[in-house]
K.L.:
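I'd like to ask some things about the structure below.
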Amino acid sequence: MQNRKLEASMLRDYAQPLLRERLDVLPGSAKPSAGFAGLAERWLEPLLDTAKRAYDLVLLDGGSGTAPGWREKLRNRADLIVVCLPQNRLLLERFFQSPESERLNEQKAMLVFGQFDPGSSLTVNNLQRRFHWQQPAFPVVHNTGWLDAVQHGEAIPYWFRNRKTSRQHENHRFVRHIRALAQALAEGAGMNRLMFGGKENMP
């Protein structure tokens, strides 16, 4: 990117394919130096523009906490910000009292409550009311099968095995939550095609 020679058609050469022609991962850098951060600010926008030409949907990890420099620029360029939070009242109170939470009200965003316990009194609706959150929020329940699949490098096979599950199946609620979240994320980023129910609505 320093020489601005990366073309959209070449970007997949640097990515790791998870699903052929459907899902790629481009690993980030583990370099913590200030020099890298300064360099990242210069190539971030050209890289994002290239990725948008190469893919229908681009998901980026913007880190946590305050976001100086290139991470702040990344969040400002985002079509949609997804904030992952615990179902923990004390931690949520701390988050919603932070300047970062106030800035989210000025951007298009959604909340995701991970490792969610559906039996808790801290339901999504209750949390939205308590913290005056007006934008979308989604739960993702704890699922042992998914955690085990990730630990054993079986994430992709897990989803193929669980594409269609009955209501009584132990993974049904988790899969339903992920499907609803994925569809909302795609629509929030400007994609209108339904593609998370096992079938695609092609134009």
Side-chain angles (χ1 to χ4, degrees), residues 1 8 11 15 18-19 22-28 37 40-89 91-116 118 122-141 159 174-197 200-203:
M1 286 305 297
L11 191 59
L18 297 184
L19 288 174
R22 293 180 67 86
L23 179 64
D24 293 342
V25 172
L26 183 64
E41 285 194 63
R42 293 198 297 273
W43 56 247
L44 178 62
E45 291 200 23
L47 179 59
L48 289 177
D49 290 338
T50 302
K52 287 181 115 177
R53 294 197 304 272
Y55 295 97
D56 295 324
L57 182 64
V58 178
L59 307 177
L60 295 163
D61 184 354
S64 60
T66 56
W70 70 274
R71 288 196 297 152
E72 182 177 8
K73 184 180 292 187
L74 174 64
R75 296 183 191 186
N76 290 337
R77 279 285 306 267
D79 297 316
L80 174 68
I81 295 177
V82 180
V83 182
C84 299
L85 296 169
Q87 191 185 19
N88 181 300
R89 183 177 60 82
L91 294 179
L92 290 172
E93 287 178 350
R94 187 182 306 168
F95 170 78
F96 281 104
Q97 291 170 2
S98 69
E100 184 178 9
S101 173
E102 294 181 8
R103 286 194 296 269
L104 283 177
N105 291 324
E106 302 171 1
Q107 296 178 280
K108 189 175 183 180
M110 67 169 58
L111 303 183
V112 178
F113 299 105
Q115 302 297 318
F116 195 80
L122 297 178
T123 65
V124 172
N125 288 338
N126 287 343
L127 290 172
Q128 286 184 282
R129 282 194 297 268
R130 181 182 183 90
F131 297 109
H132 309 290
W133 179 256
Q134 301 297 320
Q135 300 197 69
F138 296 86
V140 175
V141 296
W159 288 109
F174 175 74
V175 171
R176 181 164 53 86
H177 282 181
I178 292 296
R179 186 169 290 153
L181 172 61
Q183 189 63 54
L185 194 156
E187 291 176 355
M191 293 183 63
N192 294 318
R193 284 192 305 167
L194 297 175
M195 58 179 65
F196 298 106
E200 291 191 7
N201 288 345
M202 303 298 292

K.L.:
Do you know which two heavy atoms are closest between Leu104 and Ala109, and how far apart they sit?
P.N.:
CD2-CB, 4.0 Å
K.L.:
Start with the C-alpha distance between Leu59 and Val82, add both sets of side-chain angles, then the distance that settles side chain to side chain contact (heavy atoms under 4.5 Å, CB included), and finish with yes or no.
P.N.:
CA-CA 10 Å; Leu59 307 177; Val82 180; over 6 Å; no
K.L.:
Just verifying a value: how many Å separate Met110 CE and Ile81 CD1, rounded to the nearest 0.5 Å?
P.N.:
11.5 Å
K.L.:
Quick one: CG on Leu23 to OH on Tyr55, what's the gap to the nearest 0.5 Å?
P.N.:
9.0 Å
K.L.:
Under the side chain to side chain donor-acceptor pair (under 3.5 Å) rule, collect the residues that match up with Asn126, sequence neighbours excluded.
P.N.:
Thr123, Arg129
K.L.:
Quick one: closest heavy-atom pair of Asp24 and Ala15, and the distance?
P.N.:
CB-CB, 3.8 Å
K.L.:
Looking at every heavy atom in both Trp159 and Val175, which two are closest together, and how far apart are they?
P.N.:
CZ3-CG2, 3.9 Å
K.L.:
Using side-chain heavy atoms (C-beta onward) and a distance below 4.5 Å, is Phe113 in contact with Val124?
P.N.:
yes
K.L.:
In the structure I gave you, are the side-chain heavy atoms of Leu127 and Leu85 within less than 4.5 Å of one another anywhere?
P.N.:
no
K.L.:
Between Thr50 and Pro46, is there a donor-acceptor pair closer than 3.5 Å when you use the side chain of the first and the backbone of the second?
P.N.:
yes
K.L.:
Taking all non-hydrogen atoms of both residues, which atom of Leu91 and which atom of Pro86 are closest, and how far apart?
P.N.:
CD1-CG, 3.8 Å
K.L.:
Could you tell me if the side chain of Gln135 sits less than 4.5 Å from the side chain of Val83, heavy atoms only?
P.N.:
no
K.L.:
Could you check whether any side-chain heavy atom of Val140 comes within less than 4.5 Å of a side-chain heavy atom of Ile178, counting everything from C-beta outward?
P.N.:
yes
K.L.:
Could you state the interatomic distance from CG (Leu47) to CG (Leu11), rounded to the nearest 0.5 Å?
P.N.:
6.5 Å
K.L.:
What closest approach, in Å, do Gln87 and Leu122 show between heavy atoms, and which atom pair accounts for it?
P.N.:
NE2-O, 3.0 Å
K.L.:
If we only count heavy atoms from C-beta on, is the Gln115 to Asn88 side-chain gap below 4.5 Å?
P.N.:
no
K.L.:
Measuring from Phe96:CZ to Arg130:CZ, what's the distance to the nearest 0.5 Å?
P.N.:
11.0 Å
K.L.:
First locate atom CD of Glu102, then atom CD of Gln97, and finally report the distance between them rounded to the nearest 0.5 Å.
P.N.:
10.0 Å
K.L.:
Indicate the atoms forming the closest heavy-atom contact of Phe138 with Ala180, along with that distance.
P.N.:
CE2-O, 4.1 Å
K.L.:
Does Arg94 have more than 12 heavy atoms from other residues, nucleotides or ligands lying within 6.0 Å of its CZ?
P.N.:
no
K.L.:
Any chance you could measure Gln134, atom CD, to Asn105, atom CG, to the nearest 0.5 Å?
P.N.:
8.5 Å
